[in-house]
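Working notes for the structure below.
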Amino acid sequence: MSKQYVVLDLETTGHSPTRGDRIIQIGAVKIVNDKIVDRFVTFVNPEQLISPFIQELTGINDDDVSDAPLFRDVASELLDFMKDCSFVAHNVQFDWGFLSAQLKLEGYVVPNVPIYDTVELARILLPNEESYKLGMLADGMGFTHERPHQADSDAEATAMIFLHVLEKLRQLPLLTLQQLLPLSKRYKSHIESTIQEIIAEKLKAGNTGESEYDCFRGLALKKQSTDEQEDTENSEEIEQFRESFFTNDESLQTVFEHYEQRPGQKEMIQTVYQSFKNNTHAMIEAGTGTGKSLGYLIPAAIHSLEDQKPVIISTQTIPLQDQLLSRDVPLLKQLLPFQIRVTLLKGRSHYIDLRKFELSLESTQECSYDVILMKSQILIWLTETEHGDIEELNMPSGGRSYWFEIQSDAASDLGRFSPWFSRCFYHRARRRAHEAHVIITNHSLLLTDIVHKQSLLPSYSHVVLDEAHHLEDTASERLGLRTDYLSFAFLLQRLGDTSEDGMLVKMADLAKKVGVQSDIWLDSADELGETKEELDDLFRMIHAYALKAKKKASSDTGRTRYTYKSFNETGELWSAILEIAMRVHSSLSHVCLQLESISRSIDANDDIFSYRERAQWSDGMRLIASLLEEDEQLYELLLEYDPNQVYWIEAEPKGARNATFLYSKPIDVSERLADDLFGRKKSVILTSATLTVNGSFNYQKNRLGLQDFGIETSLIESPFSYVNQAKVLIPSDLPAIKDVTDEEFAVEVAIKIWRIAEASKSKLMVLFTSYEMLRTVYQYVKDFNEHESFQLVGQGITSGSRSKLMKLFKQSDVGILFGTSSFWEGIDLPGDELKHVIIVRLPFSPPDEPLLAAQLEQAKEQGKNPFMDVSLPQAIIRFKQGFGRLIRTQHDKGCVFIFDRRITTTRYGSLFIKSLPNVPVHEGKLEDLLEEHQTFL
C-alpha cells in the first residue's frame, strides 16, 4: 500500500480560533511514495482586518485576501485533497489544532488521521542541529525557502524536511531502530508503524548495519577511526623546518588563500617559542587580527616535537575550542611537513557513560516526554559521534537531570569490569590525550587538575592560556564552594526512597546477597527521608533570613543576594539555622561514612555480583559519595570560616521558599596560582586581546601572582587601521546616569537606539551591564518596532543559547541584538554582519557584588585605592572586549556609540579612551553625529 502524506501550513490572523482568529492562507503539499505529486494553495478571506504585525510577518495584506474565497468555500476541496493521507506539519499541534477548530466551526467532521510533527522528528533524527526553526532547518539542509511565513513556501520547506528525516530513519542500523521502537509510542508523531515496517524490511533483507557500525550490547555506535600514525619525523627535520620557518614564513602563503603579511604574528611565534625554550613565563597582548591562534599553535607544535612532551592549550570558551579544532588545527597540519597529533580533552562530565545509558533504556514508563526525546536523540547521535561529548547534542530543556544520570564520573566507573570499557568515550579521550603532541582543554579542567592534584591531564610543563583575562575568575570559581536545596533533594530522593525503586533498598538486596546485614541500608533510607525534611526547613530558614537581612540588593539573575560571615550573624533565626545545619551534617556524615565503611567489605566480595548488579552497586556508591561531598560543602559554607573567602546567600524572592543558594569564593587567588601553577610549570604563556590597562601588564601580574617570576611581556598591536576603519561616537544629549532614574535612562537609551537603527538600516549590537536594564530597553524598542522593521534578539528574552541567538542575528537582514555578560566577548561578526556597537554603560561591576565588594574592602585594608586599583582596571578590560566586537577584519568599518556620559565628564573616563587603539572620537548631539557621519555609517 502506498504511503500518502499531506504536508500543510497555515497562516492565520492570530493563535486562537476560539477567540476569533481565522486562516488567511493555506499551503499544502501531497507526498506519495516519497515524491511530491500535488499542491493546494489558496488565500482565504478571514472576514476581518489583518493586524500590522501579521502583515509584516507574513507579507500578506488585506488586498491579498479581499477577493479570496471564505474558508467554508474551500474546506471540502481541502478535505478531498487530504483524503486517505496522513497529516504532517512543522509544530503539528498548532496547524492541526487550528484546522480542526475551523472545520468544526463550519460543521465538518474532522478526519481521524495519523499526524507527524517535523519539529519533533527533526529533534530526534537531527540531534546536532543548532535550531529546529523551519527556516534554519531548511538552510542547514540546503533547501530554498524563499518566503518564510507564507503558507505555500513553508509547506514546501516542511515537505522537504519530512522527506529528509524519513530517509534518515531508513538509513539507521537495525539495532537503533529496535531501540527507538518502544520510545516511539510516546512521541507526538505516529511514527511507530513506520519504524516497524523499516525493521521488517531490514530483517527480510538481512540488512542489520553491522558492517557499517560498531554494534555491541544492543547499541549501534559509529565505528571509530584508528588514526594511529607513526612518528616519522626526526629532530634534524624539525630543526631544519624551524630555522627556515623563523627566517622566512613564506610557507604560510601556501595554506592561506589570501595571505597577508602579519608582522605581529611572526613576533608572537618567536616570543612563545623562546619562552618555551628558555623555560620562562610570558604575557602577550595580541590585538585583534594578529593571528593569535597560529601565533601560539605553531611554536607549541614545534616545541612538543622537539621536547617529546605534550603542550597544553587552554581556553575559557567552547567557541574558541571549536574554532581551534575546525579552523586553525587543519591549517597547522597543512603547514607542518611532519605529523602532529592534536586532541581535545574536557572534564569527565561532558562525556556519556555508555553503561549507564544502556541500563537507562530498560525503563521508559516513568520517563517524562523530554527524557524520552533525549534518549531517542542519543540513540541517533551514537551512530554519528566520535567524541561522545554532550556539547554536540541539542539537548531538550528538561534533559539536564537525565544527563546527570548518564554522564561519566569517577565514583561509579567500573573500569575494566565494564563491558563498555574499550568503547568508553572519556577513557578514549584520555588515551588520545596521552598520545597527543598538543592537547586543547579549558581553564576549568586545567585548574581542577592543578588544585586537586587529580592528574586528569597527561604530565606537562609547558602551557598556553588563551583568553587569559578570565584566569582569575575561573580560579575563583574552581576554588570556591556552592550548594543549594535542589542538589540535596535530587540525591536524597534517589537514595532515601523506601520503595523498591530506591537506591538504598536495591543496595540492601545486594548486601544480603554477599551475606552482609541489610537492615542498616534500610534504616539509612529512613534516616535520609527524615533529613530531607530538615534540609527543606534549613533552606527555607536561610531564604527567610536573606530576604529579611537584605531586602533591596539583587543579583543579575533576579535573586536577592546577602553577604554573610557565619560567626558574625546574630539573632534567633541564625542560631536556629546553625543548629539545624549541625543536625543535618551529623546525620548525613554519619549515614554516608557508615555506608562507605560497610561497602568496603562488600567491594571485596563483589565478584558474586553479575555485571548489572555491580553496575547498580557502583551507581549507588556514586550517589553516596556525591551526597557526602554536598554535605561537606554545606558544612564549610555555614559552620566554618576562612578569612580569605567571601560567603553569600542568593534567594529567589518569588520562587519556592527553599529556592536558596549558598556560595563562597576566595577573595584573592594570586598566592594559589603562584604556588600551584606558575611555580610548578616551566613555562606558562598568557595571551589575550585584553591583558593591559593603559599599556601596562601590572594589574594582571598582581591579580595572578606573577610579580616574582621575572615574566616576559609583549604588547603586539592590531594590524588594523582603526583611524580609517572605526569611529567612537559619544552622544552628549543623553542624561547623566546619576541625574535620572533607571526607568528614565532606559527610555532615553531606547529612543537613541531606535534613531541609530533607523538612520543606519543595518545591524546593531547593544551591550548592557545588567539584565534588568536590557529587559526594560528591549520592551521600549519593541514598542517602536511595531511593524517588525528590525528583528530584535534579546539575551534572556529570545529563547535559546548564545549560539542560537547569534545564528538568528546573522540570518536577519537588519536586526538589533541586545546582550549582556557573555556577549561582551567571543562574538565574531565581520563585514556587514555588524556595523554598529552601542555600549550603554561603562562596564563597572556592581559594587555590592559579593566578590568585588570583598576585593574592594581588601584593597582598602592594604592601603590601596579600591576604585583605581580594582574596579577601574576590571571595567577597562571589559570595555576593550566590548569595543573589540566591531572590527574583525582589515575590510570592516563601523561605529561604536557610548551612551555613558562619564566617559567625558569624569577624570577617569579618559582612561577608557586611552585604552583603545588609535581611533577617532567625536562628541555631540546624536542627530548631529548621525548627520556628520552618515557616509561612514
Side-chain angles (χ1 to χ4, degrees), residues 3-31 36 38-46 48 50-51 53-54 57-60 65 68-72 74-106 108-124 131-138 143 145 147-166 187-191 369:
K3 283 278 187 181
Q4 298 192 140
Y5 306 92
V6 163
V7 184
L8 184 131
D9 187 84
L10 302 175
E11 300 305 331
T12 63
T13 60
H15 290 287
S16 177
T18 57
R19 292 180 186 169
D21 288 320
R22 294 293 177 264
I23 294 168
I24 55 175
Q25 190 187 25
I26 300 169
V29 172
K30 186 176 285 186
I31 296 173
I36 295 174
D38 203 357
R39 292 170 177 83
F40 178 95
V41 180
T42 182
F43 285 118
V44 178
N45 187 335
Q48 59 184 258
I50 303 172
S51 71
F53 170 76
I54 296 295
L57 181 71
T58 63
I60 300 169
V65 298
L70 302 175
F71 180 74
R72 67 178 70 97
V74 298
S76 61
E77 189 181 349
L78 176 62
L79 287 169
D80 285 344
F81 185 81
M82 291 170 57
K83 192 176 180 185
D84 298 327
C85 293
S86 298
F87 185 91
V88 182
H90 201 70
N91 189 6
V92 76
Q93 284 163 312
F94 172 76
D95 293 279
W96 182 248
F98 206 106
L99 179 64
S100 300
Q102 253 204 281
L103 284 169
K104 285 176 186 173
L105 284 170
E106 299 298 340
Y108 286 93
V109 175
V110 178
N112 183 17
V113 297
I115 61 171
Y116 297 83
D117 183 6
T118 48
V119 175
E120 177 185 63
L121 294 175
R123 284 197 80 96
I124 293 164
S131 169
Y132 296 99
K133 292 198 170 189
L134 185 60
M136 292 191 182
L137 279 174
F143 305 144
H145 184 212
R147 288 172 290 107
H149 301 298
Q150 289 224 356
D152 54 342
S153 181
D154 282 356
E156 200 81 22
T158 304
M160 298 303 289
I161 289 165
F162 182 61
L163 288 171
H164 181 84
V165 295
L166 279 184
Y187 299 166
K188 297 169 192 167
S189 305
H190 298 153
I191 199 84
Y369 172 74

Closest heavy-atom contact between [X] and [Y]?
| X | Y | value |
| --- | --- | --- |
| V165 | A122 | CG1-CA, 4.2 Å |
| A75 | L103 | CB-CD2, 4.1 Å |
| A101 | P17 | CB-CG, 3.6 Å |
| A155 | V7 | O-CG1, 3.6 Å |
| A157 | A138 | CB-CB, 4.4 Å |

Any heavy-atom pair between the side chains of [Y] and [X] that's under 4.5 Å?
| X | Y | answer |
| --- | --- | --- |
| S76 | Y108 | yes |
| I36 | M160 | yes |
| K188 | V119 | no |

Backbone N or O of [Y] within a donor-acceptor pair of the [X] side chain at under 3.5 Å?
| X | Y | value |
| --- | --- | --- |
| Q25 | E11 | no |
| T13 | R22 | yes |
| H90 | Y132 | yes |
| T118 | A89 | yes |
| Y116 | H190 | yes |
| D95 | L10 | yes |
| Q102 | I23 | yes |

Query raised in the report: Have S189 and D117 got a donor and an acceptor in their side chains that come within less than 3.5 Å?
Result: no

Could you give the distance from [atom1] ([X]) to [atom2] ([Y]), rounded to the nearest 0.5 Å?
| X | Y | atom1 | atom2 | value |
| --- | --- | --- | --- | --- |
| D154 | I161 | CG | CD1 | 9.5 Å |
| Y187 | Y369 | OH | OH | 8.5 Å |
| T12 | F98 | OG1 | CZ | 4.5 Å |
| L134 | S153 | CG | OG | 8.0 Å |
| Q150 | I24 | CD | CD1 | 8.5 Å |
| D9 | T158 | CG | OG1 | 5.5 Å |

Requested in this report: Output, in order, the C-alpha distance, side-chain angles, deciding distance and verdict of side chain to side chain contact (heavy atoms under 4.5 Å, CB included) for E156 and D152.
Outcome: CA-CA 6 Å; E156 200 81 22; D152 54 342; over 6 Å; no

Query - Trace of the side chain to side chain contact (heavy atoms under 4.5 Å, CB included) decision for V113 with W96 - result: CA-CA 10 Å; V113 297; W96 182 248; 3.8 Å; yes

Report task. Using the test ring pair (Phe, Tyr, Trp, His ring centres under 6.0 Å), find all partners of F81 that sit at least two apart in sequence or belong to another chain. Result -> F40

**Report entry** More than 12 heavy atoms of other groups within 6.0 Å of K30 NZ
**Finding:** yes

Query - Worked verdict on L99 versus L78 for side chain to side chain contact (heavy atoms under 4.5 Å, CB included) - result: CA-CA 11 Å; L99 179 64; L78 176 62; 3.8 Å; yes

Query raised in the report: Among I26, N45, L105, which one satisfies side-chain contact (heavy atoms from CB on, under 4.5 Å) with F71?
Result: I26

